[in-house]
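Everything quoted here is computed from the prediction, not taken from an experiment. Note on naming: letters A, B, ... go to the chains in the order of the sequence lines (proteins, then strands), and numbering restarts at 1 for each one.
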2 protein chains.
Amino acid sequence: MNKTISDIAQLAGVAKSTVSRFLNGGSVSEDTRQKIERIIKQYNYVPNTFAQSLKAKKTSIIGTVVPRLDSFATSQTLIGIDEELRSNHYQMLIANTSQDMQREIDAIYDFARQKVSGIILLAAEVTEAHLRAVEEIGIPVLLLGQQHERLHSLVHNDDQAGYEMGRYVVAKGHRQIVYIGVTEKDQAVGIHRRQGFQRAIAECGECDVTYYETSFKMSEATVTAEAVLNDNRPTMIVGATDNIALGVMKTAFSNRIRIPHELSVAGFGGYDITEMIHPALTTVKYHYSQAGKLAANHMIRQIAGEPVEKRTVLDVELIPRESVDNQ
Amino acid sequence: MNKTISDIAQLAGVAKSTVSRFLNGGSVSEDTRQKIERIIKQYNYVPNTFAQSLKAKKTSIIGTVVPRLDSFATSQTLIGIDEELRSNHYQMLIANTSQDMQREIDAIYDFARQKVSGIILLAAEVTEAHLRAVEEIGIPVLLLGQQHERLHSLVHNDDQAGYEMGRYVVAKGHRQIVYIGVTEKDQAVGIHRRQGFQRAIAECGECDVTYYETSFKMSEATVTAEAVLNDNRPTMIVGATDNIALGVMKTAFSNRIRIPHELSVAGFGGYDITEMIHPALTTVKYHYSQAGKLAANHMIRQIAGEPVEKRTVLDVELIPRESVDNQ
DNA sequence: CTGAAAGCGCTTACAG
DNA sequence: CTGAAAGCGCTTACAG
């Protein structure tokens, strides 16, 4: 049913190598061009991808490894990657690892075996196993959201994010502050974001911050927040992500603590939902979809053999809203 | 660098057809099995997917067409599909169409060209062009979230969802009601969900409902809600999705209308966020990830030639929370 | 500009 | 149980 290049060649009365040349933009005479074009149109011929890949030993596919699918950050990033890839005739293949690091490693090898042209890796943590995989496969890999000296990477300016938030909180007059962070294994969020914040606090002099650690889940954040409010009576709680901040708000509500009058709350991310809720959440906006686009763009350029910055940093943007009050 | 089946055959001292047979579970003598196994282990041999697919003319890939990536429903559904597929050694390929119908059609043909074994289609609207594409490609297609007599489908019980919500609203004493729905082109949400609701209202006798239409975007829902509150002073607004309900809440907050005391609000979907906000949103929970799993399961069975129900309906579940008050 | 031939890495009858 | 051969649908030097 599906025509092959031989069929087309025969129908057009030329050799299949000629058809192939035509297909790949090689030079053919005006005359044969027309003949071939007509037949291809007529039979709606499309080349078999496998046969092409088998010869070429590569594909127009970029693999993307994501830790989870149900997160605002991931969705937006994927949308950006997909758009940029699509407009450059690349395809995006997604491997979801459900936060399972072994699956992350497996995904890298799987992609290699499928001969993807490049891999964009959204990993929370970069281990030796990751590095080894990347080296073994010999395919361009771009780390997105984290950085590592041995890898090409594109990151959001987490230090700036933390710092701006810190400055803002201090300027609003808060002195008793709680910062609910995440594991240091996630360097971007767990370390850089927090360190930026700490730097601003250090400049304050009279500010007092207590640090807690929780996971990325809203539900766990509510539990941590409960503990915080038992220990402590801060005027301000900063969550290392919007989800954490949302969890804090939830806990405040259930304890009848009014936001922002009795407690100010802020987060990081700039998720859409943060401006829909009441009070609207003060946050630092990350440009996820732009990051995705840029990542795809770098990857394409790298594949084409063009020089690409080893490390790119994207600016972030503080968005003051209703959830932080003057103190 | 990468070994081929010929290399392995040579190293093991057998013919490549023997290696192939071994690889595909054909019978080989204990002796050769050991030899081959050793070499494969030693060189970490993995068969080339393209060569396999070129011969087999098919793959272990299921294509999934989604209208958007940044929606709770889509994410959860994809997670379900992915899990089920993975545990059956299938891979999921995602095509995001950004709500562009032409891209939906294109995606179907693209998938066919890549010889996916099946396609799971999450479309809001099924047109003649969709049906034609499905017939032309001759690959199993499963419609998820919508139904159509000419296609295999798996749907949530939208009628039940609407009906239960209607009953609940009536039972809570509401008589002046606004229902903000979506286009009828989306039969599941635009028609069935609303009709279930209408049925419950009709049983009420003394209830008055005004219908409005908006899009799936939260931001547009806020605008529609603004219009609603200008026209009308309902005691209850039901949004056809949680996002719409969230938009309504946003508008109520900005107009200093207290929920639920002055206005009750409810939605459909059961998004995670609905229980984090304050007041927590009354909604009907849809089992998206289970739907994804089931869809993948049906697809796999259909590919295996097993008989599969033409149409499957998943139950939904009303979750009363704080956003609806007695009237 | 054009065509015959070899080859990409696998699988599948077919003999033995 | 095992192997030689043909073929899947393309591309790529190489001649002409």
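The side chain to side chain donor-acceptor pair (under 3.5 Å) with B:E37 is formed by just one residue from the set B:R33, B:Q34, B:K41; it is B:R33. The only member of B:D7, B:L11, B:L23 that meets side-chain contact (heavy atoms from CB on, under 4.5 Å) when paired with B:Y45 is B:L23.
Using a 4.0 Å cut-off between charged side-chain N and carboxylate O, B:R150 and B:E135 make a salt bridge.
Taken residue by residue, residues 17-24 of chain A places heavy atoms nearer than 4.0 Å to DNA chain D at A:S17, A:S20, A:N24.
Taking 4.0 Å as the cutoff to heavy atoms of chain A, we find the contact window on DNA chain C bounded by C:dC1 to C:dG9.
Within 4.0 Å (heavy atoms only), B:T32 reaches sugar-phosphate atoms of the nucleic acid but no base atom.
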Could you pull out every donor-acceptor pair under 3.5 Å between side chains of residues 73-84 of chain A and any protein atom, sequence neighbours left out?
{"unit_1": "A:T74", "atom_1": "OG1", "unit_2": "A:R68", "atom_2": "O", "d": "3.2"}
{"unit_1": "A:T74", "atom_1": "OG1", "unit_2": "A:S71", "atom_2": "OG", "d": "3.1"}
{"unit_1": "A:S75", "atom_1": "OG", "unit_2": "A:S71", "atom_2": "O", "d": "3.0"}
{"unit_1": "A:S75", "atom_1": "OG", "unit_2": "B:L69", "atom_2": "O", "d": "3.4"}
{"unit_1": "A:T77", "atom_1": "OG1", "unit_2": "A:A73", "atom_2": "O", "d": "2.6"}
{"unit_1": "A:E83", "atom_1": "OE1", "unit_2": "A:K293", "atom_2": "NZ", "d": "3.4"}
{"unit_1": "A:E84", "atom_1": "OE2", "unit_2": "A:N88", "atom_2": "ND2", "d": "3.4"}
{"unit_1": "A:E84", "atom_1": "OE2", "unit_2": "A:N297", "atom_2": "ND2", "d": "3.2"}

Atom pairs and distances, donor-acceptor, side-chain atoms in residues 107-123 of chain A, under 3.5 Å, two or more places apart:
{"unit_1": "A:Y109", "atom_1": "OH", "unit_2": "A:E136", "atom_2": "OE1", "d": "3.4"}
{"unit_1": "A:R113", "atom_1": "NH1", "unit_2": "B:P47", "atom_2": "O", "d": "3.2"}
{"unit_1": "A:Q114", "atom_1": "NE2", "unit_2": "B:Q91", "atom_2": "OE1", "d": "3.3"}
{"unit_1": "A:S117", "atom_1": "OG", "unit_2": "A:T59", "atom_2": "O", "d": "2.3"}

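A salt bridge (charged side-chain N to carboxylate O under 4.0 Å, His left out) check over residues 297-308 of chain B, counting only residues at least two apart or in different chains, returns the pairs B:R301-B:E306, B:R301-B:E309.
Of the two residues contacting DNA chain C, namely A:K16 and A:R33, the nearest-nucleotide position lying further toward the 5' end is that of A:R33. Each of B:S29 and A:Q52 was assigned the nucleotide of DNA chain D with the nearest heavy atom; the assignment lying further toward the 5' end belongs to B:S29. Between B:L54 and B:A15, the residue anchored nearer the 5' end of DNA chain D, judged by the nucleotide with its closest heavy atom, is B:A15.
Across every non-hydrogen atom of B:V141 and B:I137, the tightest pair is CG2-CD1, 4.2 Å.
Taking a 6.0 Å sphere around NZ of B:K217, one finds it holds 12 or fewer heavy atoms contributed by other residues, nucleotides or ligands.
For B:S20 and B:S17, the side-chain atoms include no donor-acceptor pair closer than 3.5 Å. There is a side-chain donor-acceptor pair under 3.5 Å between A:Y286 and A:D158.
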> Given pairs defined as Watson-Crick or G-U wobble with both distances under 3.5 Å, what dot-bracket annotation applies to DNA chain D, with ( ) intrastrand, [ ] crossing, | other strand and . unpaired?
Replying inline: |||.||||||||.|||

